[in-house]
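Presented below is the structure to which this report refers.
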Amino acid sequence: MSSVRTRFAPSPTGALHAGTVRTALFAWLVAKKANGQFVLRIEDTDQARSIEGGVKNIIDSLSFIGIDWDEGPNKPSDFGPYVQSERLDKYQEFAQKLIKSGRAYADVSTKDELDKLRENAKQSKKPFLFRDYRPENPPVWNGSQPLRLMSNPKPYEWNDLVMGKMKSGAEAIDDFILIKSDGFPTYNFAHIVDDFLMKVTHVIRSQEFISSVPRFLNLYEALGFEAPKMATLPPVLDTTGKRKLSKREGAKQVLEYRDMGIMPEALMNFVALLGWNDGTTQEIFSKEELIQKFDLSRVQKGGAQFREDQLIFLNGVYIRKLSLDELHSRVSDFWPESATEFDDDYKKKVLSVIQERLKYFSEITELTPFFFKDLPVDMKLIDENKFLKSLDKSQLKELLNKTKASLVSSDFSVEDLTYKLNNLLTEQDQKPAVLFSLIRIATTQAASSPGLADTMSVLGKEKSIARIDTMINALS
RNA sequence: GGCCCCAUCGUCUAACGGUUAGGACACCAGGUUUUCAUCCUGGCAAUAGGAGUUCGAUUCUCCUUGGGGUCACCA
């Protein structure tokens with residue numbers, strides 16, 4: 001019976017991307033490895049920034065990548081509700097406790113006053129601390145003013161499971177707001193109350209919070225809570241390597257990767273490697289291996305740049321490992337419209353010849369159109385082909401006629417096609433790059449395709465010959 | 001600006017204080033007697049700078065530089 005409990009506590013203010021999902025993944029891995037529980041909590045205390053569908057996006061994104069939770073908004077349990085806006089009574093309760101013990105007070109200052117004080121501090125190049133301006137006789141808190149913590153400034157030392165020994169001075173401690181004037185708690189207050197009530201043992205979060213930890217420690221003391229273990233994750237940077245990954249900088253949502261046909265296993269593997277490794281050169285990790293091998297002590301301290309090309313490469317590796325049947329069932333949503341009327345056997349044949357070049361499922365649309373419909377003849381393919389430049393139309397036509405003559409007696413098995421095509425090379429004294437490029441263009445109307453014999457075998461005799469005829473006519 | 005954190009190839013990263021500083025992506029070249037792709041082989045490419053400790057620093061300490069975070073009634 002393990003007591004490890006971790007949580008992922010996103011705000012429904014936007015779609016999940018690789019950076020946020022990594023935080024979720026690491027917290028989930030810590031819980032799974034210890035046979036503990038993983039809690040999903042929605043932090044929607046900022047009503048203005050919450051967006052429609054935010055919670056659904058979180059749930060769909062985590063579900064896609066394969067992260068499940070033991071307790072959450074759609075999985076009620078002993079410590080619920082798991083949505084902060086439904087827990088206001090709990091924050092009130094602890095706010096009153098702090099007031100009673102003299103550790104919280106109403107803030108009656110106006111925005112203008114605060115702005116002015118901050119501005120002055122900036123002018124004199126000094127940090128602004130509200131506690132320097134604590135009112136001497138604050139009024140009784142009536143719930144319509146912000147409630148502030150009466151902090152107890154002092155230095156702290158603590159251990160961060162990723163960053164190691166940390167320390168701060170008393171100047172890091174201030175009287176921060178616990179409850180906003182709209183009655184909702186701030187993150188700073190709500191997450192501490194919730195983590196305590198939900199018995200969270202390890203708080204794992206990204207590094208923008210690290211400078212707030214001393215204030216959190218101060219609040220834990222004021223509330224009489226034992227602080228949980230903390231782990232701070234390094235930032236995930238965007239492709240410029242300069243900023244934190246964010247929607248604004250064009251980071252793709254997790255669901256966009258689903259829609260382009262990135263496999264969840266590959267995405268999980270890739271995200272796990274963003275700041276973590278097991279100390280060996282291993283780079284392919286199954287979910288089970290990640291759970292078994294993951295360790296916060298091996299999480300990188302520096303930021304990692306998110307590179308989509310590395311994700312796509314990894315996805316290709318995962319695709320090539322699939323059996324044909326698995327691949328077939330996974331790509332069912334990615335076929336072009338023209339494929340609708342074709343049966344599963346035919347589609348599997350198509351897949352078998354494109355599997356090794358597929359990097360993500362939505363690529364199927366570009367890679368396979370000629371398997372499903374006759375494309376119009378495009379002379380540019382011949383004109384712009386570097387191998388066919390030296391031949392004139394009559395030569396091309398002659399080659400296609402010879403090809404047709406040879407193939408009419410083929411059974412169109414890959415073996416026989418290969419044999420006949422190779423004979424043709426000798427007979428016509430042509431280089432493969434020339435003759436096969438021509439036949440490829442005739443049968444596919446594409447600049448590239450899977451192997452020629454493979455492709456024609458899938459297309460079948462009737463269609464292949466008909467397309468060669470079409471090309472011969474077009475050359476006349 | 002104050003405070004905090006960080007620093008190995010372009011990118012992700014490995015290296016009990018002793019290695020020709022390793023792997024992967026990307027890129028380049030060659031090969032797999034057919035394009036594209038896959039696969040294989042090879043190539044390019046890094047310890048930010050300066051002191052110190054040490055017989056010996058990528059590794060430990062300090063300084064500089066650079067990067068990031070934070071200083072909200074956002075999280």
Side-chain angles (χ1 to χ4, degrees), chain A residues 9-11 13 43-46 48-49 107 111 114 118 121-129 145-148 160 162-164 166-169 171-172 174 176-188 190-191 205-215 232 234-235 237 239 241-244 270 273-284 300-307 309-314 316-317 320 354-359 363 367 385-387 418 421-422 425 430-441 444 446-453 455:
Chain A
S11 294
T13 53
E43 310 219 324
D44 59 345
T45 55
D46 185 344
R49 289 209 316 154
D107 174 12
K111 185 176 185 302
L114 284 174
R118 287 204 180 93
K122 202 174 176 184
Q123 292 294 326
S124 56
K125 299 201 170 186
K126 285 191 170 174
F128 170 74
L129 289 172
Q145 316 103 332
L147 184 71
R148 280 189 190 265
D160 185 290
V162 171
M163 295 300 175
M166 305 284 297
K167 62 179 179 200
S168 66
E171 69 284 346
D174 195 15
F176 61 89
I177 290 177
L178 306 170
I179 308 263
K180 298 179 274 185
S181 56
D182 65 2
F184 281 75
T186 59
Y187 165 83
N188 298 328
H191 90 274
R205 59 187 151 203
S206 56
Q207 65 140 44
E208 67 254 36
F209 297 105
I210 198 166
S211 55
S212 301
V213 168
R215 299 209 300 271
T232 302
L237 308 170
T239 36
K242 291 188 172 166
R243 282 166 232 224
K244 224 174 52 158
F270 179 73
L273 255 26
L274 226 41
W276 174 84
N277 68 81
D278 75 339
T280 73
T281 57
Q282 182 174 349
E283 287 175 341
I284 307 292
Q300 208 76 12
K301 292 181 181 176
Q305 187 174 326
F306 178 85
R307 287 289 297 267
D309 55 351
Q310 294 179 353
L311 167 62
I312 287 174
F313 165 82
L314 193 64
V317 173
R320 272 168 254 131
I354 64 162
Q355 180 166 16
E356 67 184 22
R357 68 200 59 216
L358 199 58
K359 290 212 170 73
E363 240 186 345
L367 257 30
N385 187 292
K386 61 182 173 181
F387 301 112
T418 306
L421 287 169
N422 283 334
L425 286 178
Q430 281 294 347
K431 288 188 171 153
V434 176
L435 182 63
F436 292 172
S437 290
L438 176 62
I439 303 173
R440 167 172 297 105
I441 290 170
T444 66
S448 65
S449 79
L452 192 52
T455 303

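Given the structure is predicted, the values throughout are model-derived calculations rather than measurements. Chain A is the first sequence line, chain B the second, and so forth, proteins listed ahead of strands; every chain is numbered from 1.
- The shortest distance between the side-chain N/O atoms of A:Thr45 and the OP1/OP2 oxygens of B:A75 is below 4.0 Å.
- Comparing B:C4 with B:U64, their P atoms sit 13 Å apart, to the nearest whole Å.
- For B:A75, the OP1/OP2 oxygens have a side-chain nitrogen or oxygen of A:Lys180 closer than 4.0 Å.
- Among the protein residues, A:Gln305 comes within range of the sugar-phosphate backbone only, with heavy atoms under 4.0 Å from sugar or phosphate atoms but none that close to a base.
- When both distances must be under 3.5 Å, the Watson-Crick or G-U wobble mate of B:G1 is B:C71.
- In this structure, A:Thr280 contributes its side chain and A:Gln282 its backbone to a donor-acceptor pair below 3.5 Å.
- Here the nucleotide nearest the side chain of A:Phe387, chosen from B:C12, B:G2, B:U35, is B:U35.
- Base pairing of B:A7: its partner is B:U65, meeting the Watson-Crick or G-U wobble criterion (both donor-acceptor distances under 3.5 Å).
- Only the P atoms considered, B:G67 is 15 Å distant from B:A48, to the nearest whole Å.
- In this structure a side-chain-to-backbone donor-acceptor pair under 3.5 Å is missing from A:Thr232 to A:Gln207.
- In this structure, A:Pro450 reaches the bases: a heavy-atom distance under 4.0 Å links it to at least one base atom across the strands shown.
- Counting non-hydrogen atoms under 4.0 angstrom, A:Lys301 reaches the backbone sugars and phosphates but no base.
- When heavy atoms are screened at a 4.0 angstrom cut-off, A:Gln310 is found touching base atoms of the nucleic acid.
- Residue A:Phe306 is classed as having no contact, given no heavy-atom separation below 4.0 Å to the nucleic acid.
- For B:A14, the OP1/OP2 oxygens have a side-chain nitrogen or oxygen of A:Gln300 closer than 4.0 Å.
- Distances shorter than 4.0 Å separate none of the side-chain N or O atoms of A:Asn277 from OP1 or OP2 on B:U13.
- Listed pair A:Lys431 / B:U33 fails the phosphate criterion, with no side-chain N or O lying under 4.0 Å from OP1 or OP2.
- Of all nucleotides listed (B:C73, B:A24, B:U70), B:C73 comes nearest to the side chain of A:Ile177.
- The side chain of A:Leu452 approaches B:U34 more closely than any other nucleotide in the set B:A14, B:U11, B:U34.
- A close approach under 4.0 Å does occur between a side-chain nitrogen or oxygen of A:Arg118 and OP1 or OP2 of B:C73.
- Between A:Arg320 and B:A37 there is no side-chain polar atom (N or O) within less than 4.0 angstrom of OP1 or OP2.
- Contacts of A:Ser168 with the nucleic acid, taken as non-hydrogen atoms under 4.0 Å apart, are absent.
- Applying the Watson-Crick and G-U wobble criteria (two distances, each under 3.5 Å), B:G17 pairs with nothing in any strand.
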